[in-house]
S.K.: 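Starting off with a structure, shown below.
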Number of protein chains: 2
Amino acid sequence: MNEKKHLLTMTALDLFYKNGINSVGINEVLKASGVAKKTLYNHFVSKDALIIATLEYRHNVFLHWLKQSLANSTTNEELVRYLFNALTRWFNNEVPELTSFNGCFFINAAAECAGQSEEVITYCRFHKGQVRQLIASHMQTIDEQLLDMICLLKEGAITSAYVSQDLQAAQKCLPWLMSYMKK
Amino acid sequence: MNEKKHLLTMTALDLFYKNGINSVGINEVLKASGVAKKTLYNHFVSKDALIIATLEYRHNVFLHWLKQSLANSTTNEELVRYLFNALTRWFNNEVPELTSFNGCFFINAAAECAGQSEEVITYCRFHKGQVRQLIASHMQTIDEQLLDMICLLKEGAITSAYVSQDLQAAQKCLPWLMSYMKK
DNA sequence: ACACAAGGAGACCGATTTGTCTACCATATA
DNA sequence: TATATGGTAGACAAATCGGTCTCCTTGTGT
């Protein structure tokens, strides 16, 4: 990708994730990145296109981080432990590449762009599906019900960590899942 | 509450919940409610005040609905069943007073107003705390871990129902919780 | 009957929004 | 050296934002 385009995408993601997509104007992105307005519209046809680009970038970073976090898991127990420990590190700002925790960018974006950009919501759904698929691919024995529960608890933990500031939300899920798998 | 003020609050809530707080302007609320701008600013000092009013109104409606949904529960098993069945009805638009399902208004508001209005986020946290307390008050035997899990699964179900359009998310939680309590 | 309060309609303000356009500059390549 | 490319800086447009204000009408209580 072009250097300026990449810079614009990263800058926009930072601002969108921190302050909300609708609260950040194009001019703010330009000022923060030091890029001219014409250059932005040379690479993106509209602000919506820039938003989609930030979603794609965040998706790649997030999936890369998650893939690495789960890489060494060989059993369902390990998968669960690695996953929710990784979430805890994310919540507590111990994962630099995900930047300061502000909830799930895709949940936030879906909430902000409701009835405004169908494309955004579609991409958020796609992201959640990809994450689920990645988790499933690390399961030794496929257990659809366990997969459902892992994903539900994951979403709940992210939301609780963000809205209720319960930074230990992910840790609370672990004993529960462990005791289920031991049966 | 004053009639016009109440009308404004309900109209604003409808629009905010459906299209997002930041996507809906004051003028749109005025047009939809047929109220004059001066009347709005006679009752609310700013748009932020109107937003808070919609949060309070939604909070009251939601808690009233939840209280009624849990009223007949006498055991922890019944509490869980009533709660997640109620959520399923909500997701599937079978609860008129909650209007067409668009996720949790408070999660959405928190996502939209990040780094913009601290008061909004504080109220969203308050709401989540009140809901947790209501659930706790219906527990026959206090089990803090069970309470954590119920709340985490509830948040996860709401998010999954909204973002991933999994309208059966709440139902998936039931067998798990039941089997846990049977132990 | 009169005074006062509340609301309606909407002009208006300044700031900000996304997006376009012009003018100019730097660099690289033929 | 000539030209094309891709950048900067920023004026500008049209719309919209939240918010204030004036003018006029419609009650309502005394």
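Everything quoted here is computed from the prediction, not taken from an experiment. In what follows, every heavy atom counts, from backbone to side chain, and hydrogens, waters and symmetry copies are set aside. A, B, ... follow the sequence lines: proteins, then strands. Residue 1 opens every chain.
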S.K.: Consider only side-chain N and O atoms of B:E155 and A:S160, and report whether a donor and an acceptor are under 3.5 Å apart.
M.R.: no
S.K.: In whole Å, what is the span from the CG atom of A:N22 to the P atom of D:dC17?
M.R.: 12 Å
S.K.: If you look at every strand shown and take non-hydrogen atoms under 4.0 Å, does A:K4 touch a base, only sugar-phosphate, or nothing?
M.R.: sugar-phosphate
S.K.: Hey, are B:Q140 and B:T75 close enough side-chain-wise for a donor-acceptor pair under 3.5 Å?
M.R.: no
S.K.: Please determine if a side-chain N or O atom of A:N42 lies less than 4.0 Å away from the OP1 or OP2 oxygen of D:dG6.
M.R.: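 No.
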S.K.: Among A:Y57, A:F16, A:F62, whose side-chain contact (heavy atoms from CB on, under 4.5 Å) with A:F105 holds?
M.R.: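 Only match with A:F105 under side-chain contact (heavy atoms from CB on, under 4.5 Å): A:F16.
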S.K.: Mind calculating the distance between CG (B:L30) and C1' (D:dC17) to the nearest angstrom?
M.R.: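 Atom CG in B:L30 sits about 12 Å away from atom C1' in D:dC17.
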S.K.: Working to the nearest 0.5 angstrom, can you tell me the gap between A:N108 CG and A:N19 CG?
M.R.: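 These two atoms lie 11.5 Å from each other.
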S.K.: C:dT18, OP1 or OP2 - any side-chain N/O from A:S46 closer than 4.0 Å?
M.R.: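 No, outside the criterion.
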S.K.: Quick one: A:Y41 OH to C:dT17 P, roughly how many Å, whole number?
M.R.: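 Interatomic distance, OH of A:Y41 to P of C:dT17: 11 Å.
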S.K.: Separation of B:D48 atom CG from D:dC17 atom C1', in whole Å?
M.R.: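 Going from CG in B:D48 over to C1' in D:dC17 covers 13 Å.
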S.K.: Quick check on D:dG6: is either OP1 or OP2 less than 4.0 Å from any side-chain nitrogen or oxygen of A:H43?
M.R.: no
S.K.: Between B:T39 and C:dG8, does any side-chain N or O lie under 4.0 Å from OP1 or OP2?
M.R.: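 Yes, because at least one side-chain N or O of B:T39 sits under 4.0 Å from OP1 or OP2 of C:dG8.
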S.K.: Salt bridge or not for B:D148 and B:R132, using N-O below 4.0 Å?
M.R.: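 Yes, charged N to carboxylate O under 4.0 Å.
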S.K.: Do other residues, nucleotides or ligands put more than 12 heavy atoms under 6.0 Å from A:E94 CD?
M.R.: yes
S.K.: Dot-bracket notation for DNA chain C is requested: 5' to 3', Watson-Crick or G-U wobble pairs only, both distances under 3.5 Å, with ( ), [ ], | and . as defined.
M.R.: ||||||||||||||||||||||||||||||
S.K.: Looking only at side-chain N and O atoms, does B:N2 come under 4.0 Å of OP1 or OP2 in C:dG7?
M.R.: yes
S.K.: Any luck finding a side-chain donor-acceptor pair between A:N76 and A:T141 under 3.5 Å?
M.R.: yes
S.K.: Considering heavy-atom distances to DNA chain D, does B:S23 or A:G34 have its closest nucleotide positioned more toward the 5' end?
M.R.: A:G34
S.K.: Any idea which of D:dG18, D:dG10, D:dT8 is nearest the A:K37 side chain?
M.R.: D:dG10
S.K.: Taking the side chain of A:I26 as its heavy atoms from C-beta onward, which of D:dT8, C:dG8, C:dT18 lies nearest to it?
M.R.: C:dT18
S.K.: Do the side-chain N or O atoms of B:K38 get closer than 4.0 angstrom to the phosphate oxygens (OP1, OP2) of D:dC23?
M.R.: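 So the side chain of B:K38 is outside the cut-off, no N or O lying under 4.0 Å from OP1 or OP2 of D:dC23.
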S.K.: Without decimals, in angstroms, what is the distance between B:K47 NZ and D:dC17 C1'?
M.R.: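 The answer, rounded to whole Å, is 8 Å.
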S.K.: Looking at the side chain of A:A36, which of D:dT8, C:dG19, D:dG18 is the nearest nucleotide?
M.R.: D:dT8
S.K.: Rounded to the nearest Å, what distance is computed from the NZ atom of residue A:K31 to the C1' atom of nucleotide C:dT16?
M.R.: 13 Å
S.K.: Atom CG of B:L50 to atom C1' of D:dC17: distance rounded to whole Å?
M.R.: 15 Å
S.K.: Please state whether the rings of B:F101 and B:F91 are parallel, tilted or perpendicular, taking 30° and 60° as the class boundaries.
M.R.: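 Tilted.
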S.K.: Whole angstrom is fine here: how far is it from CD in B:E3 over to C1' in D:dG27?
M.R.: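 Going from CD in B:E3 over to C1' in D:dG27 covers 13 Å.
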